[in-house]
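The next block holds one structure in the form of structure tokens; read it before the comments.
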There are 2 protein chains.
Amino acid sequence: MRDAMMTDPCIGCGGRLAGLCQPLDTSALDEISSESERVTQSARTVLFREGDPAVRAFSIGAGIVKLSRLLSDGKQQVVGFRFAGDIVGYGTGKTYPYDAELLTGASFCRIERSRLDTLLRRHPVMERRLLDMCLQELAATQDQLVTVGRRSAEARVASFLLGLEEAYRRRGAVPDPLPMPMTRSDIGDFLGLTLETVSRSLSHFKKQKWIEEPAHQKLRLSDRAMLTELAEGMVQDL
Amino acid sequence: MRDAMMTDPCIGCGGRLAGLCQPLDTSALDEISSESERVTQSARTVLFREGDPAVRAFSIGAGIVKLSRLLSDGKQQVVGFRFAGDIVGYGTGKTYPYDAELLTGASFCRIERSRLDTLLRRHPVMERRLLDMCLQELAATQDQLVTVGRRSAEARVASFLLGLEEAYRRRGAVPDPLPMPMTRSDIGDFLGLTLETVSRSLSHFKKQKWIEEPAHQKLRLSDRAMLTELAEGMVQDL
DNA sequence: CGTGCTATTGAGAAAAATCAAACGTGGTGG
DNA sequence: CCACCACGTTTGATTTTTCTCAATAGCACG
């Protein structure tokens, strides 16, 4: 246990440059490694639930996490998906404001909130990095608000597909085909649509050869230009 | 000019405790005052437009600011409203990601982005405060995503009214009646609805005596309990 | 006292939700 | 190894909600 914890620079640094520790020097990384725990878990694992006391934060090394809120009438809203390099579960509230669930097997680092706060106080570059990540996340959420609030069903789905690809791109090479581990229901809950509407849109895209599904949960964007036009509402159907 | 700039501790501190400088000591406040400019402007003034180079940040002392994005097809999405104490125009991008427009007359502090960044580096408490504000804003935007993505028209409008009241509450006493300077169109663009749907919902609420409009752009929430139930979707109509 | 916005209200159209049925597929146990 | 079961997906028919288009009314400002 000790060696695993000591050798891996943790908090989002599992071989990636995108995470919270990107700007840190080696000695700081050692300090952080000793404060955090490396964990690997399988798909469908729940990291935490809405309302749980927010005692830990998570930094994703690999895998995809779904963040969602459950409404009183049983409907669900997916607030976002998180990928390698992202931080999950760090906020101002005493409890988590959403559920976090693994969509794939994932590895990540787990750290006590109180310890992370101490680290942030000791390393202002790290705090600055966290601020930048938070600002980015805010911008992405505002984008999503535009998509959900003002675009047609097909535009939303096209927008989601392009966004998924972009998420991979920002983390290095774009795999081909794209892994898409979320269900139609997850996608609908993200876009403010029903799973049937998502399915119909995807079927339509496939029929038009704008996308292919070479295998289950694998996706290829064959016509990005058309998807982009769709997402921007420049074209209704054709 | 010089005396006005020197005597007011600025950046969100115009008599309020909620802003960015809340945790600062007096000498730091003096430093900031010399770096920033106090400005007062009338309703409908545009602080900046989407795509403008993001050279300044703004800290609201009093008044309400509307942040909105314009889509290629002419539709608008209001990303949020900002009140006294909030920071507007600080992000990671080189350009502003939305328009910022005054809904009321407003006073605020204006500071060069580069100078603000210097100040943040010099005062880690200030940076920490900004991080907390950003995390709060992120949580609020995620809330809005739930509202727009998963609630009925009347639930969204009820949710907006309660949110407006809450915004005043967090900044001190709740005025009665509540000032509501945004048009039906602004509200619709915030909630992902048309202005007609907003108008119909408000008319219905008035008819049911759940709200009153004692004057133009003045609002009284007569039955918060019912509005809350509506917002949570616990009741369709009655 | 117009004139230009903003708001209200109505009627009809369109988009997406809902309800329902059938299909595929991967995993499990006989 | 195959049959079956659970779950996700697709597709169709119908209903509901909200949008769109249109006409009218109210208000502030010049």
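All values below were derived from every heavy atom in this structure, side-chain atoms included, with hydrogens, water molecules and symmetry-related copies excluded. Proteins come first, then strands; the chains are lettered A, B, ... in the order of their sequence lines, and each starts at number 1.
- Under the ring-ring contact (aromatic ring centres under 6.0 Å, His included) criterion, A/Y98 pairs with no residue at all, not counting sequence neighbours.
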Which letters describe nucleotides 12-30 of chain D, given B = protein heavy atom under 4.0 Å from base, S = only from sugar-phosphate, - = neither?
BB----SSBB---------

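- Close approach of DNA chain C to chain B, defined as any atom under 4.0 Å from a non-hydrogen atom of the protein, starts and stops at C/dT6 to C/dA11.
- Dashed line: the shortest gap from a side-chain N or O of A/S203 to OP1 or OP2 of D/dT11 is under 4.0 Å.
- The distance between the ring centers of A/F48 and A/F58 falls below 6.0 angstrom.
- Among pairs with a residue in residues 71-83 of chain B, those fulfilling salt bridge (charged side-chain N to carboxylate O under 4.0 Å, His left out) read B/D73-B/K75, B/R82-B/E137, at least two apart in sequence or across chains.
- Side chain to side chain, A/S72 and B/E232 fail the donor-acceptor criterion of an N or O pair below 3.5 Å.
- Remark: B/R150 engages A/D189 in a salt bridge (Lys or Arg N to Asp or Glu O under 4.0 Å) (not counting sequence neighbours).
- Heavy-atom contacts from other residues, nucleotides or ligands closer than 6.0 Å to CZ of A/R220 number more than 12.
- Rounded to whole Å, the distance from CG on A/D189 to P on D/dG8 is 12 Å.
- By the side-chain hydrogen bond (donor to acceptor under 3.5 Å, both in side chains) test, A/T104 pairs with no residue at all, sequence neighbours left out.
- Considering all non-hydrogen atoms of both residues, B/P175 and B/P179 come closest at CG-CD, 3.8 Å.
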